[in-house]
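Values below: all heavy atoms of this structure, side chains included; hydrogens, waters and symmetry mates excluded. Whatever order the structure lists ligands and atoms in, that order sets their numbers, starting from 1.
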Amino acid sequence: PQAGRYRQFHQIGGEVFGSLDPLVDAEIISIAHKVVKELKIEAVVEVNSIGCKVCRPAYREALTQYLEQVSGHLCEDCIDRKDRNPLRVLDCKVPTCKSAVKDAPKMVDFLCEECREHYQKLLEYLNIMGIPYVENPNLVRGLDYYTKTVFEVVSRELGITIIAGGRYDYLVEEMGGVPTPAIGFAVGVERLAMLVKELPQRQALYMVIPLGEDTVGYALKVCELLREKGKRVELSYKRAGLKKQLELANKLKADYAVIVGEDEMKEESLSIKNLHTGEQVKLSLKELFSHVL
Ligand SMILES: [Zn+2]
Ligand SMILES: [Zn+2]
């Protein structure tokens, strides 16, 4: 099997139900792309449209005819596939099959007006969002239930698919539900793990420690301000002395303790203790806004 493929594996994914708008396709692809981007994995988005109930039958027909002509070059599996599920021949990894389908008719040339417009809008949105993509007319995804948009996020380094997804506008109905268009993707966690070289830096944790019941309200305000600055913040729920609360902060692996006692409350300030170095500074709330934490 391919690298990073196991019998048992983990997936994370995203799905949107209820909209046919290509905007949603673009956003889903953007989210999928962000997953690899955040992890600094070099990858490219491959995209295609495989049409709908209206336009796919004619394409299937044309493809089957073409495959009949080149059947002498197809692998055994593809000989079988060309009648059952001809689209799957397009993504066969066997080299002779790959070259045999080079000149195969392309789905994008067979799209009905609705599908064509949907696909063009999607590409337009990807351009606007600056998402690097290539159109891959042979990208079909194996599953029959896909419609219109299909995409993969492919590792440039290893040439393997990390994320795969697409639209499945008929699936909910086919499963007995109310007709509901949908799109989604799945990330292969094992593959992702294989490609990650450095984990994104864990964001520092600030633990806000109120000293005394009277300071809890003020501590809450400090929490909000820190969160507004984009910090990861936890408010200590332990009504105890400083020592006990610092123990809790250590237990939660906090990086900073933000201590707010009576004095701090009166001065509208806070004391920030670096729990790694023990260093402590006092800042006024005003300074908090200009201070680079
Ligand atoms: Zn169509
Ligand atoms: Zn094949």
Review point. Side chains of Asn138 and Lys98: closer than 4.5 Å at any heavy-atom pair?
Key: no
Study note, to complete from the structure: Between Lys82 and Ile79 the two heavy atoms that sit nearest each other are CG-O, 3.3 Å
Practice item. Have a look at the Zn ion (ligand 2) and estimate, to 10 degrees, the angle subtended by SG (Cys78) and SG (Cys97). Key: 110°
Check your understanding: Do Leu139 and Val47 come close enough that some side-chain heavy atom pair is under 4.5 Å?
Key -> no
Exercise for review: Measure from the side-chain N and O atoms of Tyr133 to the backbone N and O of Phe151, and report whether any donor-acceptor pair falls under 3.5 Å.
Suggested key: no
Review point. Where the Zn ion (ligand 2) is the centre, what is the SG-to-SG angle for Cys75 and Cys92, rounded to 10°?
Key: 120°
**Study point:** SG (Cys55) - the Zn ion (ligand 1) - SG (Cys52) angle, nearest 10°
**Key:** 110°
